[in-house]
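Read through the structure below, which is laid out as structure tokens, and then see the notes.
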Amino acid sequence: MNTKIIRIDMEKELDAQLLNAAEILKNGGVVAIPTETVYGLAANALEETASKKIYEAKGRPSDNPLIAHISCMDELPALVSEIPEAGQKLAEKYWPGPLTMVFPKAKIVPYGTTGGLETVAVRMPSHPIANRLIKLAGIPLAAPSANTSGRPSPTKADHVIEDMDGKIDMIIDGGEVGIGLESTIVDVSGEIPMLLRPGAITIEMLRETLGRVDIDPAIMGPMSADMKPKAPGMKYRHYAPKAEMTLVEGEMEKVVEFINREAKAALAEGKKVGIICTEESRAYYQDGILEVIGSREHEETVAHNLFSVLRDFDDRQVDCIFSESFSKDRLGQAIMNRLCKAAGYHIVNV
Ligand code: TXA
Ligand code: MG
């Protein structure tokens, strides 16, 4: 398949640049789009054949449900059988934005989109390109992250081209995304709202709006066989770089000492070593390939660079990666969730 790649100029009129993409989507095609979280692989959420094309392009198991993206509140009632109060409150506060909510689904949403579930995940993206394209296409868009299944989510058009060129109809290059981590997912279909995936809308923010919000225990710990995550996608080894990754927790000085020692040992064995450090610690490492993930003072920079750093290490073909860790509150919960998964829960306490 010949994949069209178009670059959007935000200085020029947007609609004219998106018309072709909207046509492709209306006709059942697949288009990669920038959103404020990560790039998504979009297709008609109401057509089983369209979601099938997404699964194929990603190489993703089809029991993993997709998020339906809408452009405004008027488009929600058609997709859900009920809007619980918690959903209404969160929508008012955080939509459009990096928040996905799980609702009881309406009949019109096919099981091909929900992975056979009776619920549907819905998000209203704030990114001007994503939001406008949904409006122009006139249909809700199912859109998982636009990576090959198992690879780190794409935060730049180049990442999408790497994974999807030749597999989909079009890639819209809207530059680098803002947030860099996938949306927060909250299930509002039950009695107590439950956090299924941490993201930029933090648990602290959700609780401020709703009061009690439970956390799916699958979020932080490794999955044991009898533990079933409520977001089916959370069970797959996600975000994984190709190298073996170790996440090091503890006091900064000890973390640096441990990583320097392990890096030396790995280098002596002839391995290519990658180190994920921060602005604050970069000066303390001696060996290996250093990647600065961001600044501890501004954790949003860490979120923004996380997937890109993992992809860079793939490109450089390192054999092992050692990474510093972060506190697990606020945005740190989402950062640590992704780092833990990338490391396959290989965490060392020093
Ligand atoms: O930020 C995002 O959410 C991005 C952009 C493109 O919008 N999309 C994204 O989609 O991350 P995806 O497919 O990579 O992740 C969707 C997650 C999966 O873990 C899936 O299992 C879960 O949402 N999910 C979808 N529908 C669900 C449902 N009905 N119940 C529970 N979990 C659901
Ligand atoms: Mg994904």
Side-chain angles (χ1 to χ4, degrees), residues 30-43 45 51 54-55 57-70 79-81 94-106 109-127 129-131 133-134 140-155 159-160 163 172 174 177-190 193-201 216 218-219 223 228-240 303 307 334 337-338 341-342:
V30 179
V31 178
I33 61 169
T35 84
E36 70 275 27
T37 56
V38 298
Y39 271 78
L41 208 52
S51 39
I54 293 178
Y55 290 124
K58 277 182 72 81
R60 172 181 191 161
S62 60
D63 71 331
N64 193 357
L66 305 171
I67 296 171
H69 294 68
I70 57 176
L79 301 180
V80 305
S81 65
Y94 294 113
W95 274 1
L99 175 71
T100 297
M101 287 188 271
V102 174
F103 295 94
K105 84 174 193 71
V109 182
Y111 289 116
T113 298
T114 70
L117 297 174
E118 292 302 334
T119 51
V120 59
V122 184
R123 177 161 107 80
M124 188 193 295
S126 62
H127 193 290
I129 294 175
N131 195 286
L133 183 58
I134 299 165
L141 298 180
S145 48
N147 51 291
T148 301
S149 192
R151 290 215 69 198
S153 293
T155 56
H159 297 160
V160 183
D163 286 11
I172 300 178
V177 302
I179 294 170
L181 299 180
E182 306 88 341
S183 62
T184 303
I185 305 180
V186 187
D187 187 346
V188 293
S189 71
M194 187 182 287
L195 177 67
L196 306 186
R197 179 173 74 183
I201 307 295
D216 185 358
I219 282 177
M223 295 292 307
K228 203 167 168 238
K230 287 198 74 196
M234 302 294 278
K235 74 172 174 257
Y236 301 106
R237 185 167 179 241
H238 249 187
Y239 322 116
F307 287 132
N337 170 264
R338 304 315 191 272
K341 280 166 158 277

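For ligands, and for the atoms within them, numbers begin at 1 and follow the listed sequence. All residue numbers in this chain count up from 1 along the given sequence.
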Using a strict cut-off of 4.0 Å, indicate which atoms of ligand 1 neighbour a heavy atom of L196.
31 (C)
Taking N147 for its side chain and P154 for its backbone only, find out whether a donor-acceptor pair lies under 3.5 Å.
no
Assess K105 for proximity to ligand 1: is some non-hydrogen atom of it under 4.0 Å away?
no
Suppose I only count heavy atoms of S183 and a 4.0 Å limit; which atoms of ligand 1 are within that range?
1 (O), 2 (C), 3 (O)
Ligand 1 N/O within reach of S145 N/O, cut-off under 3.5 Å:
yes
Heavy-atom pairs closer than 4.0 Å: do any link ligand 1 to the side chain of N64, the backbone, both, or neither?
side chain
Proximity winner for atom 4 (C) of ligand 1, if only heavy atoms of T35, V38, T113, L181 are counted:
V38
Taking all heavy atoms of A130 and all of I33, pick out the closest pair and write down the distance.
CB-CD1, 4.0 Å
Shortest non-hydrogen contact between A45 and T113, atoms and distance
O-OG1, 2.7 Å
Does R60 reach ligand 1 with a nitrogen or oxygen that is under 3.5 Å from one of the ligand's nitrogen or oxygen atoms?
yes
Under the side-chain contact (heavy atoms from CB on, under 4.5 Å) test against P125, which residue among L133, L141, L99, I134 passes?
I134
Distance under 4.0 Å to a non-hydrogen atom of G40: what atoms of ligand 1 satisfy this?
6 (C)
The atoms of ligand 1 lying under 4.0 Å from a heavy atom of T119, numbered in the order shown, are 28 (C), 29 (N), 30 (N)
Those atoms of ligand 1 less than 4.0 Å from some heavy atom in A121:
25 (C), 26 (N), 27 (C), 29 (N)
Correct closest heavy-atom pair for I70 and W95 would be CD1-CZ3, 4.0 Å
Any N/O pair T37/ligand 1 closer than 3.5 Å
yes
So is K58 polar-close to ligand 1, meaning N/O to N/O under 3.5 Å?
no
Ligand-side contact atoms (ligand 1) for residue partner P65, heavy atom cut-off under 4.0 Å:
20 (C), 21 (O), 24 (N), 25 (C), 26 (N), 27 (C), 33 (C)
Give the single entry among P144, S149, P125 that approaches atom 10 (O) of ligand 1 most closely by any heavy atom.
P144
Which atoms of ligand 1 sit under 4.0 Å from any heavy atom of H69?
5 (C), 7 (O)
Could you walk me through whether N131 and H69 satisfy the side chain to side chain contact (heavy atoms under 4.5 Å, CB included) test, starting with their C-alpha distance in whole Å, then the side-chain angles of each, then the deciding distance to 0.1 Å, before giving a yes or no?
CA-CA 9 Å; N131 195 286; H69 294 68; over 6 Å; no
In short, Y94 meets I201 closest at the heavy-atom pair CD2-CD1, 3.5 Å
If you compare all heavy atoms of V80 against all heavy atoms of V122, which two are closest, and at what distance to 0.1 Å?
CG1-CG2, 4.3 Å
Quick check: does S153 have an N/O/S atom under 2.8 Å of the Mg ion (ligand 2)?
no
Looking only at non-hydrogen atoms, find the nearest pair between V38 and G180 and report the distance.
CG1-O, 3.8 Å
Hey, are T37 and R123 close enough side-chain-wise for a donor-acceptor pair under 3.5 Å?
yes
Examine the side chains of R338 and S153 and answer whether a donor and an acceptor come within less than 3.5 Å of each other.
no
Ligand-side contact atoms (ligand 1) for residue partner I185, heavy atom cut-off under 4.0 Å:
17 (C), 22 (C), 23 (O)
What do you reckon, does L117 put a non-hydrogen atom under 4.0 Å from ligand 1?
yes
